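Below is one structure; the comments refer to it alone.
Everything quoted here is computed from the prediction, not taken from an experiment. Chain identifiers are assigned alphabetically (A, B, ...) following the order of the sequence lines, protein sequences preceding nucleic acid strands; residue numbering begins at 1 within each chain.
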Amino acid sequence: MIGTEFVPLSLPPLLIGTLAALACALPGNFLVLRRQALIGDAISHVVLPGIVVAFLLTGRVSTWPMMLGAGGAALLAVLMIEVIRRAGKIEPGAAMGVVFTTLFAAGVLLLEQSDTSAVHLDVQHALYGNLESLIWLDALGWNSLLDPVALAGLPTELPRMALVLVGVIGFIWLFWRPLALSTFDEGFARSLGIATGPLGLGLVVIAAMAAVAAFDAVGSIIVIAMFICPPAAARLMTNRLSLQVAWSQGFAGLAAVSGYVLAGYGPLWLGYAHAVSAAGMIATVSGLILALAALFGPCRARLGQPAG
Amino acid sequence: MFDLGYNASLVAIGAGLLGLAAGVTGTFLFLRKRALVSDAISHSTLPGVALAFIVMVSFGGDGRSLVGLMAGSALSAAAGLLAVGWLTRRTRLAEDAAIGVVLSVFFGLGIVLLTVIQAMSAGRQAGLEGYLLGSTAGMLRTDALIIAVGGALVLALVALLRRMLIVTAFDPEFAGSIGIDTGRADLAMMGLVLAVTVVGLKIVGLILIVALLILPPVAARFWSDRAGSVALIAGGIGGVSGAVGAMLSVSAPALPTGPIIVLVAFAIFAMSMLFAPRRGVVAALIRHLSFRNRVHLRQGLLALAQGQPVYEALTRRLLRRAGLIRADGVATGAGTAQAAKALLDERRWQWLRASEGTGAAAARYDGLTPIETVLTADQIARIDSQLRPGGLV
Amino acid sequence: MTQLKLAAQEGAAPVEDLSDIPLAIRGLTVSYGSDPAVFSVDMTVPEGAMLAVIGPNGAGKSTLLKAALGVIPKLSGLVTVYGQPIASQRRRIAYVPQRASVDWDFPTRVIDVVLMGLYRDLGLLGRVRRSHRDQARACLARVGMEGFADRQIGQLSGGQQQRVFLARALAQAADLYLLDEPFAGVDAATEKAIVTVLKALRDEGRTVVCVHHDLATVTDYFSHVFLLNRRKIAAGPVAKVFTQQMLQAAYGGRLSGGQIDRIAAS
């Protein structure tokens, strides 16, 4: 890998993919422990109608309105799930199933009905993202990393994803203690005066933020896979929450880097000319990591009885 | 009505039959609280579809044979289902995490294989993208026929297995006691889910097929408390959604079949959730508010009767609106009378609960039921004769 | 009917003076759906009492406790702790939930659970110092669990889990202890250890309220009882209230005459 080719073509997608994986896996730890793993699945499905509506309203494909639209759709979905769950007394899994399929169907229909052929907006893009296209044309080699003019030409997804990751880390760091406490023992947390409802909603909003930013760059498959696979694998490695979070970050980074490299270079090594989908490969690698953890992880077996 | 072509009619019939079968099958999943297992199953069909295509092409076919793709999808969906079961049983992961893992990883692998196919067929569209969202445009006659027959077959299977599944979904322990192997019933249920998914793949698409399994039972749940009726209603809703959705879809351009079917089902769901007579949200809200007001009124009356202060503002407002207290909080004549009656009722109930052999009547006590609705005048008179002044209070 | 004094304005303080009362509940109603689980309950827990909330299954004992604490929403009613709204008195309350209400497979150690009791001291970002750990270890020692500090919580037996929960409550150093079925499904040694700790708390002048289900031990363990069956049946010192007549009123036909005689006589 020579710098002149690697830096402009591979470094930005590699970094963006890794940052996205880290940002999704972090809140994923708490979602998995709270039996809300599939909230990530639901959020990533409803991002599509969000960006379509944003496009229809503004008439162009631009980043911030679409991020807002996607975030709004994620919030709407969470709200609908809660309403159906509480007002309709429907179990959470079914409520999620109702909401995300409906919103996704609405998104697809809107997309088909509107004239989006002129712009790059389609369902495939929403599903697998377009990691490979996030290149840095201004870069000539490693020294470009120190060249302010070249740096200005970095794909905007990179600083945006970095910013979101910082936000996610900040939230988890600040609320670590109440998050852990209310995840373990909600009744006790409430007796201490912790507002467990808003806290849980905050977690979902942070997860939605990570999902929306990551989705734009890498598509929804990575988002779902990274919410669940690294934290689930990490849970099988340790019995300490802080260590679990550390493991999940390691697994997410490993999956992103090795998945990207395998997708780009794997087929070449096997003698094929075409690369395969990086997003799909990253998800696949995260699944392999989980399979290994499920077979050999030191803490793979259940200890206590789950809450009745 | 629409002027449907022969193919479109076949598809609409197939979608209707499929919707019916999916509604009934989904009811069992829903009652077992495992609705989202279907999401894992449907997403894990993708690598199977892609692999089947690759295998068929490498054996010289064109790879688009519906039967071949269905077989591939069934195999990989079964693998996904096994993986969910294995992860939940053998590791500490909960089922929701296992579902998420399987659906994302299988789907990711499927996408990788799709890009491999793109590279293989270089420029020529393989058309497999249609399986993501479903499409009926330009469908071959044999394909339409396969879907119609497939829908009918799944429905026949559901009819055959319904009794065992209803009993198991409703009360697994009872099912076990009358000799039903619940493990096998669950297996049969998953087999049906798999069959619905595979048949529906081409029309509805793998991302939205779960809607057909989830929306109708959830909507039907608002109309009945009995498992058998829920299954029947869900079948009806699913059948209507499938048939109407498929017909709407061919009636105009750019109306993709899968999303239309889902949105029709959602419309039925939304109406059910809002307006169903007993479990509907509107009815429940009205009931809750009137119940809350009755509780507050009753408590206010008891406080008045015992000379205690009425602390809560809502209670005071309700008493005032009912003309039971004046603006300064003093009880009106009607208020005094009703308060005395409430206290007397309370003491009668207390006596009733303390005496032996009245368990059944006393058990109906909820603090709000007027005693006259439970006991006869004679019985009340007998209680009153036994009440000592002051009672137990 | 007499002239009635009403609290004059919205949110006005109750007319009674409750400032010495650790826990006062007035007109509490809780309902799941349209069936009241607890109806119009008044409860006054005297300072220094060791009070058992008893009543048949489904009488709303745990519901009463949880609604008083604001863990579940109430339909109506007022709750004061030392005469103040509960939100301002959280520091003075320690709550021990039912053991079965949490997932014991959660990735954490015994010492971390006890440290949760120091949440109000630590705040969001306060560092856990050596003094905090020592405090937590001392609480573990009080329940006879000092050797288990670094164990994974899932490795404990039911009785040991209950003791860890009690140690967490001790770490809160509260004035009012509310325990939900602390003796449910624990071994004899644990039951004894818990009773010893609770009696020590009472001797320090703290107030203890337990949801309790074993009528045979009421007179041994508690100073006061609160008989509940959706409504308050009776309340007061054990000697006065724990009588056949009252138990009959609470349990109705569900307790045979012989059973009640035996319990009342013990």
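Neither the backbone nor the side chain of A:I222 comes within contact range of chain B; no heavy atom of the residue lies under 4.5 Å from a heavy atom of that chain. Contacts of B:A97 with chain A are made by both backbone and side-chain atoms, with heavy-atom separations under 4.5 Å. Both the backbone and the side chain of B:L93 come within less than 4.5 Å of a heavy atom of chain A. Contact annotation for A:A301: only backbone heavy atoms (N, CA, C, O) come within less than 4.5 Å of a heavy atom of chain B. Contacts of A:V285 with chain B are absent, with no heavy-atom separation under 4.5 Å from either backbone or side chain. Within the 4.5 angstrom heavy-atom criterion, no atom of B:L213 approaches chain A. Contacts between B:D39 and chain A at a heavy-atom distance below 4.5 Å involve the side chain alone, from C-beta outward. Only the side chain of B:L132 comes within contact range of chain A, with heavy atoms under 4.5 Å apart. Only the side chain of B:I260 comes within contact range of chain A, with at least one heavy atom under 4.5 Å from a heavy atom of that chain. Contacts of A:M96 with chain B are made by side-chain atoms alone, with heavy-atom separations under 4.5 Å and no backbone atom involved. Contacts between B:L109 and chain A at a heavy-atom distance below 4.5 Å involve backbone atoms as well as side-chain atoms. Of the two parts of B:L103, only the side chain, counted from C-beta on, holds a non-hydrogen atom closer than 4.5 Å to a non-hydrogen atom of chain A. With a threshold of 4.5 angstrom between heavy atoms, B:F222 approaches chain A through side-chain atoms but not through N, CA, C or O.
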Test side-chain contact (heavy atoms from CB on, under 4.5 Å) applied to A:C299 and A:M237, step by step:
CA-CA 5 Å; A:C299 301; A:M237 300 302 292; over 6 Å; no

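Of the listed residues (B:F106, B:W86, B:F266), the greatest number of heavy-atom pairs within a distance under 4.5 Å of chain A belongs to B:F266. When the candidates B:V112, B:V105, B:D96 are compared by the number of heavy-atom contacts under 4.5 Å with chain A, B:D96 comes out ahead. When each of A:L288, A:L290, A:T102, A:I282 is scored by its heavy-atom pairs under 4.5 Å with chain B, the top score falls to A:T102. Ranking B:V210, B:V281, B:I207, B:L255 against chain A, the residue ahead of the rest is B:I207, based on heavy-atom pairs under 4.5 Å. Counting heavy-atom pairs closer than 4.5 Å to chain B, the top residue among A:V83, A:V276, A:V108, A:L31 is A:V276.
No hydrogens or angles considered: nothing links the side chains of A:T238 and A:W247 as a donor-acceptor pair under 3.5 Å. Counting only N and O atoms by type, the side chains of B:T91 and A:R300 include no donor and acceptor under 3.5 Å apart. A donor atom on one side chain and an acceptor atom on the other are found under 3.5 Å apart for B:S249 and B:T257. A:R34 and A:N29 share no donor-acceptor pair across their side chains, judged by distance under 3.5 Å alone.
No donor-acceptor pair under 3.5 Å is formed between the side chain of A:R86 and the backbone N or O of A:K89. The backbone N or O of B:G48 lies less than 3.5 Å from a partner atom in the side chain of B:S76, making a donor-acceptor pair.
Among A:I81, A:V46, A:L38, the one residue that satisfies the side chain to side chain contact (heavy atoms under 4.5 Å, CB included) test with A:F100 is A:V46. Among the candidates A:I224, A:V204, A:V223, the single residue satisfying the side chain to side chain contact (heavy atoms under 4.5 Å, CB included) test with A:I43 is A:V204.
Of all the heavy atoms in A:M226 and A:A255, the pair that sits closest is CE-CB, 3.9 Å. Between B:A50 and B:L113, the closest heavy-atom pair is CB-CB, 3.6 Å.
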